[in-house]
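Report on one structure; see the data block that follows.
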Number of protein chains: 2
Amino acid sequence: MPIDMMIRKVRLHTGLTEEDTAALRSIVSSVRDLGAGTSIIQEGEISSHCCVMLSGFSYRAKVSDGGKRQILSFHIAGDMPDLHGMFLKRMDHDLTTLTQARVGFIDHRALRQVISLRPAVAEALWRETLIDAVLFREWIVSLGTRPAAARMAYLVAELRQRLAAIDMVAEDQFRFPVTQAKLAEALGLSAVHVNRVLQSFRAQGILDIHDSVVTLRDIEKIVEIGGFNELNLQPLESA
Amino acid sequence: MPIDMMIRKVRLHTGLTEEDTAALRSIVSSVRDLGAGTSIIQEGEISSHCCVMLSGFSYRAKVSDGGKRQILSFHIAGDMPDLHGMFLKRMDHDLTTLTQARVGFIDHRALRQVISLRPAVAEALWRETLIDAVLFREWIVSLGTRPAAARMAYLVAELRQRLAAIDMVAEDQFRFPVTQAKLAEALGLSAVHVNRVLQSFRAQGILDIHDSVVTLRDIEKIVEIGGFNELNLQPLESA
DNA sequence: CGATATATTGACAGGAGTCAAAGAGGGTGG
DNA sequence: CCACCCTCTTTGACTCCTGTCAATATATCG
C-alpha cells in the first residue's frame, strides 16, 4: 500500500478523518515508476496535475542567469512538491527525480473537487504548502548566515529529521543518493569546496556520505555545527 | 479608504467578487498605527490573529545560531505577512515594522469563518501564501548563486516591481527606508560590503539609496545585473 | 552640544571559488 | 578479461570576493 505514504505524512500534521484520506487516495489517477534524473515538470510549464512522492527522492531546482543552478529543496516520500502548481499559473522551478522514484499523479480538477467538498483536506494541503515555506525560510537563513560546514550539517540534520518521520532512518544512517556536485548546487557552494567540507567531517568523525548513504557519526555535533533546532520544526504541528 | 489596500492586492491575483472583498474588509477588527521598529509578532509566539499591511514597510527576520540575523522578506501595503500563523502553531520568525506603518488586524476565528463560507477567499489567500513561497525561492537563488552586487540589484528590482503594482513608484524613485545594516542582513552580507557595493553602484550611475529613497538611475542595468526576470513573477498570475 | 545611530574608509585576513590534473569506480564492448 | 569511457571524487596551487576590525565622518536628536 504505497499510496499511504502520502496519507501518512499529511496526517502527521492534521486530523484528517479516514474518509478524507480515502478521498485523497481515490483521486490518485496514476502511479508511475520514474528513473533517476527524470524531469517531472519544468520551469515555465503549466500543468494540469500535481504529484505525490511515494518512494525515492526528487528535488526542486532553478537556474539563475549565468547558468548556475540552485537546488531549492529535496523531497521524500509523502511530499507533494508541486502542489502550488494548482494555484499558480506557471511553475517557477523544475522538479526532477534524484533517484528512481515512485510517483503518484493527481489531476488538479479532481483535487479541486475534493478540496471544495472537504474543508479538512483543503486545510491539510494548505498547511503542507506552508510547511514548505517554513523550510524555505530556514534555507534562506542557512545560505545567508552560515558558513559552508554549517550549511552542510544543517542540511543533513534537516533531512534526517524529515526522513525519521517516515521511518527512513536506521542506525544513524539513511539513504540519500546525491552527488557532491548536487550538494554544491543545493548549498550554494562549489563542488570542490563541498568535497573539502565532507573530508573534514570525515576526518573529525562527524559524518560521512558514501555510496548514496549518509552516516551520522556524531549527531550532537552535526546538530550543533548546523545550528539545527528541532524546535524550528515545531511550528509544523497543527495549530 | 486604506483598508482597500489589502483588497487591491488580493484582487490582483484573483477574481474575488465585491461581496468577497467586503467580507474580508468587514472582519478587520482593528487598525493601528505602529511606530518604526515595532514588533508585530516574534518567533515562537502563538497568535490568534493575523495582520494586513495598509501602509508602510515591515520585514520578517530570524536569528540563527551565532546571533546573526537574517531578514527573510520585506513587506509592503497589501501584504499579509503572517497569514500562515493561522495554520502553523508557532511563528517561525519575527515580524517587525521597518517604518511607521498602518496595520489592520484580523482574528483567526473570523478569518476561518469567512474562508469556510467563501471558497474564493480561501483560494485567494492560499494563493497569497504560495506567492510568498515563490519569492522565497527567488531569494534562495539569489543567496545561493549571485554575488553581492547582483543580490543588491535583484532586491531593488523585485521591490520596484512589487511597489509599482501598488503605485508606490514614481519617476524611477521609491521610498524604502532601510539602513545599510538591514540591507546587509537581508542580503547575507556584511554592512561594510553593502556600503561598498552601493558606492560602486553610485559611481557607475546605476542606482542610489539615500535618505530612505531608492533612485533607479539605470533600470535596464539593474535588471541585468540582478538577473531579474519579470517573467519570474508571471506565475503569480492566477491559474 | 554631547550622545547615539548610520555611513564611510582603509588595512588585513580568510573562506570559498576557479582551474587543471589525477584518481576511482562502474559499465560496456570487443 | 581487459581496454575504454564516463561520471564522480580528490588534490594542489592560486585568486578573489567578502568579512573583520578599527577608526573617522555624518547625521540626527533631545
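If you're wondering where the values come from, they're calculated on a predicted model, not measured in any experiment. Order of the sequence lines sets the chain letters (A, B, ...), proteins ahead of strands, with each chain counted from 1.
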Separation of atom [atom1] in [X] from atom [atom2] in [N], rounded to whole Å:
{"X": "A:Arg146", "N": "C:dA16", "atom1": "CZ", "atom2": "C1'", "answer": "18 Å"}
{"X": "B:Leu143", "N": "C:dA16", "atom1": "CG", "atom2": "C1'", "answer": "16 Å"}
{"X": "B:Leu198", "N": "C:dT9", "atom1": "CG", "atom2": "C1'", "answer": "15 Å"}
{"X": "A:Gln199", "N": "C:dA24", "atom1": "CD", "atom2": "C1'", "answer": "13 Å"}
{"X": "B:His210", "N": "D:dT26", "atom1": "NE2", "atom2": "P", "answer": "12 Å"}
{"X": "B:Met152", "N": "D:dT18", "atom1": "CE", "atom2": "P", "answer": "14 Å"}
{"X": "A:Glu185", "N": "C:dG17", "atom1": "CD", "atom2": "P", "answer": "13 Å"}
{"X": "A:His193", "N": "D:dT11", "atom1": "NE2", "atom2": "P", "answer": "14 Å"}

Any A:Asn195 side-chain nitrogen or oxygen under 4.0 Å from OP1 or OP2 of D:dT9: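 For D:dT9, neither OP1 nor OP2 has a side-chain N or O of A:Asn195 closer than 4.0 Å.
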
Which listed nucleotide ([options]) is nearest to the side chain of [X]?
{"X": "A:Pro147", "options": "D:dT10, C:dT18, C:dA16", "result": "C:dA16"}
{"X": "B:Val192", "options": "C:dT18, D:dT18, D:dC21", "result": "D:dC21"}
{"X": "B:Leu189", "options": "D:dG19, D:dT9, C:dG17", "result": "D:dG19"}
{"X": "A:Arg196", "options": "D:dA13, C:dT9, C:dA7", "result": "D:dA13"}

Side-chain donor or acceptor of A:Thr97 paired with backbone N/O of A:Thr38 under 3.5 Å: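 Yes, the answer is positive, given that a donor and an acceptor are paired below the 3.5 Å cut-off.
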
Cationic tip of B:Arg32 above B:Phe105 ring, under 6.0 Å, 45° of axis: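 Pair B:Arg32/B:Phe105 counts as cation-pi.
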
Residue met sooner reading DNA chain C from 5', once A:Arg151 and A:Asp211 are mapped to nucleotides: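 Result: A:Arg151.
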
Under-3.5 Å donor-acceptor pair between A:Arg202 side chain and D:dT10 base: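 No, the side chain and the base share no sub-3.5 Å donor-acceptor pair.
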
Output field: ring centroids B:Phe74/B:Phe57 closer than 6.0 Å: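 They do not qualify: ring centres at least 6.0 Å apart.
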
Parallel, tilted or perpendicular: rings of A:Tyr154 and A:Trp139 (30°, 60°):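 Aromatic pair A:Trp139/A:Tyr154 classed tilted.
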
Touch class at under 4.0 angstrom, heavy-atom based, for A:Ser190 against every strand present: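 Counting heavy atoms under 4.0 Å across all strands, the contact made by A:Ser190 includes a base.
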
B:Arg146 with A:Asp65: basic N within carboxylate O range, under 4.0 Å: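 Salt bridge: yes.
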
